[in-house]
2 protein chains.
Amino acid sequence: MPTDTTSPGAVPGSRALAHPAREEIRLADVLHALADPMRLRIVCTLAAAEGELNCADIELPVSKSTCTHHFRVLREHGVIQQFYRGTAKMNRLRTADLEELFPGLIDDVLRAADLQSRRLGER
Amino acid sequence: MPTDTTSPGAVPGSRALAHPAREEIRLADVLHALADPMRLRIVCTLAAAEGELNCADIELPVSKSTCTHHFRVLREHGVIQQFYRGTAKMNRLRTADLEELFPGLIDDVLRAADLQSRRLGER
DNA sequence: GCCGTAGTACGGCGGTTATCGTACGAGCAC
DNA sequence: GTGCTCGTACGATAACCGCCGTACTACGGC
């Protein structure tokens with residue numbers, strides 16, 4: 001599987017992380033990645049931040065290792081891009097890629113998530 | 001769990017099938033239901049048909065029991081509505097409910113699925 | 001060099017999923 | 001009634017998932 005290891009913003013000496021190329025991203029995989037409340041939360045937070053966020057900046061009610069797991073699922077399925085900056089691991093939504101492949105999808109999912117959380121009175 | 005058993009179009013004497021009420025449908029559940037190639041195919045076929053379809057009318061490369069399983073997942077997660085007509089089980093997308101809960105989402109998923117299948121040269 | 005912080009790798013646990021085959025039930029046609 | 005077709009129920013299996021804790025590595029500051 002061809003990988004995109006040179007991520008813009010990555011520090012040269014950093015370890016490389018495997019990402020699927022744009023044309024390898026599959027709809028079912030993306031939906032699967034989004035079909036978990038914890039990961040949906042990550043994606044929403046990332047979208048609201050409109051930029052790159054440290055892993056630790058996104059508070060989740062799970063252990064560190066579970067956290068790593070969810071971020072990896074999102075990355076390996078093409079939803080986010082990750083790269084190291086010092087000891088920190090930065091995360092960014094692959095907005096452009098997803099928008100090109102599945103126009104409007106991510107926006108609608110984010111909007112639906114927002115609508116639902118309002119409806120359920122969770123905030 | 002409140003259930004909507006009296007489905008429009010169902011023959012009176014038929015067995016009832018449990019469906020989640022509109023307000024019980026969860027985004028993560030819907031995404032999970034759609035995050036399977038087989039089920040995505042069912043939903044696309046159903047959307048293309050623009051009406052109700054017999055279970056057997058949707059050809060899938062899996063056994064009958066697996067088929068039943070996938071239809072049940074879609075129903076229990078609020079994506080489709082099912083009811084009996086004679087020996088046949090009819091299926092219909094819950095377009096109105098989904099559109100109200102998650103505006104634009106289903107259309108985008110269907111469009112994305114179509115785009116992807118073209119891109120992959122699968123038809 | 002030493003230590004703290006950020007995150008990974010690994011192994012395990014319990015629950016769920018996708019698949020199948022076989023046996024059964026419900027309605028229709030005869 | 002008999003038989004046909006459509007779909008269900010059940011049990012089994014193999015894979016996967018979400019979660020955890022522990023032990024480890026990588027980087028930056030002192």
Side-chain angles (χ1 to χ4, degrees), chain A residues 5 7 9-19 26 28-43 52-77 79-92, chain B residues 5 7 9-19 26 28-43 52-77 79-92:
Chain A
T5 54
S7 308
V11 174
S14 294
R15 292 148 288 174
L17 288 167
H19 292 76
R26 293 288 166 270
D29 287 343
V30 170
L31 292 175
H32 174 239
L34 296 175
D36 178 280
M38 220 57 77
R39 292 196 290 261
L40 208 45
R41 204 152 132 178
I42 295 175
V43 171
E52 49 208 43
L53 237 50
N54 193 323
C55 269
D57 286 346
I58 304 175
E59 287 177 29
L60 294 177
V62 290
S63 76
K64 242 184 346 169
S65 35
T66 305
C67 208
T68 300
H69 161 70
H70 285 307
F71 277 105
R72 184 173 45 207
V73 171
L74 287 171
R75 170 171 49 84
E76 289 180 346
H77 290 171
V79 180
I80 66 172
Q81 191 206 0
Q82 297 190 290
F83 53 92
Y84 287 100
R85 187 139 66 205
T87 81
K89 192 182 208 170
M90 308 305 292
N91 304 276
R92 190 191 297 156
Chain B
T5 53
S7 308
V11 173
S14 294
R15 291 149 290 171
L17 287 166
H19 293 74
R26 293 288 166 271
D29 287 345
V30 171
L31 292 176
H32 176 238
L34 297 175
D36 178 283
M38 221 59 77
R39 293 197 287 263
L40 206 47
R41 204 151 133 180
I42 295 176
V43 171
E52 49 208 41
L53 236 53
N54 193 322
C55 270
D57 287 344
I58 303 174
E59 286 177 30
L60 294 177
V62 289
S63 77
K64 250 193 327 178
S65 34
T66 305
C67 207
T68 300
H69 161 70
H70 285 306
F71 277 104
R72 183 173 47 210
V73 171
L74 286 171
R75 170 170 49 83
E76 290 180 345
H77 290 171
V79 180
I80 65 171
Q81 190 206 2
Q82 297 190 289
F83 52 92
Y84 288 99
R85 185 137 70 206
T87 79
K89 191 181 208 170
M90 308 305 292
N91 303 276
R92 190 191 296 158

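A note on names: the letters A, B, ... follow the listed sequences, proteins ahead of strands, and every chain is numbered from 1.
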Rounded to the Å, how far apart are B:Arg72 CZ and D:dC6 P? 20 Å
Regarding B:Val62, tell me which of base, sugar-phosphate or nothing describes its non-hydrogen contacts under 4.0 Å with the strands shown. sugar-phosphate
Per-pair distances, 0.1 Å, donor-acceptor, side chain in residues 29-40 of chain B, under 3.5 Å, sequence neighbours excluded:
unit_1: B:Asp36; atom_1: OD1; unit_2: B:Met38; atom_2: N; d: 2.8
unit_1: B:Asp36; atom_1: OD1; unit_2: B:Arg39; atom_2: N; d: 3.3
unit_1: B:Arg39; atom_1: NE; unit_2: B:Ala33; atom_2: O; d: 2.7
unit_1: B:Arg39; atom_1: NH1; unit_2: B:His70; atom_2: ND1; d: 3.1
unit_1: B:Arg39; atom_1: NH2; unit_2: B:His32; atom_2: O; d: 3.4

Tell me whether the OP1 or OP2 atom of D:dT5 has a side-chain N or O from B:Asn54 closer than 4.0 Å. no
Assuming nearest nucleotide by heavy-atom distance, tell me which of A:Cys67 and B:Arg39 is located more 5' along DNA chain C. A:Cys67
Nearest whole Å is fine: how far is C:dT19 P from B:Phe71 CZ? 13 Å
Find out whether B:Gln81 and B:Arg75 are in side-chain contact, i.e. whether some heavy atom of one side chain is under 4.5 Å from a heavy atom of the other. no
For the pair made of CG in B:Asp36 and P in C:dA18, what is the distance, rounded to whole Å? 5 Å
Side chain of A:Cys55 (C-beta onward), nearest among D:dC6, D:dG7, C:dG7: C:dG7
Tell me the interatomic distance from A:Arg75, atom CZ, to C:dG7, atom P, rounded to whole angstroms. 13 Å
Whole angstrom value for the distance that separates P of D:dT25 from OH of A:Tyr84: 14 Å
Would you say B:Pro61 and B:Arg41 make side-chain contact, with heavy atoms under 4.5 Å? yes
Closest nucleotide among C:dG7, C:dA18, D:dG7 to the B:His70 side chain: C:dA18
I want to check one thing: is the phosphate of D:dG18, taken as OP1 and OP2, less than 4.0 Å away from some side-chain N or O of A:Thr66? no
Please tell me which of the listed nucleotides, D:dC6, C:dT17, D:dG18, lies nearest to the side chain of B:His32? C:dT17
Using a 4.5 Å cut-off on heavy atoms from C-beta on, say whether the side chain of A:Phe83 contacts that of A:Arg92. yes
Look at the side chain of B:Ser65 and the base of C:dG21, then say whether one donor and one acceptor between them are separated by less than 3.5 Å. yes
Which whole-number value in Å describes the distance from B:Glu76 CD to C:dA18 P? 12 Å
When the distance from NZ of B:Lys64 to C1' of C:dA26 is rounded to whole Å, what number comes out? 13 Å
So does B:Ser63 get a side-chain nitrogen or oxygen closer than 4.0 Å to the phosphate oxygens (OP1/OP2) of C:dC20? yes
A:Phe83 CZ to C:dG7 P, in whole Å, measures 12 Å
Quick one: the side chain of A:Lys89 and the base of C:dG7, do they pair up donor-acceptor inside 3.5 Å? no
Let me spell it out: for each of A:Ala35 and A:Thr87, pick the nucleotide of DNA chain D with the closest heavy atom. Which residue's pick is nearer the 5' end? A:Ala35
Grab the two heavy atoms, one from A:Cys67 and one from A:Leu60, that are nearest each other, plus how far apart they are. SG-CD1, 3.8 Å
Can you find a side chain N or O atom of B:His69 that sits less than 4.0 Å from OP1 or OP2 on D:dA9? no
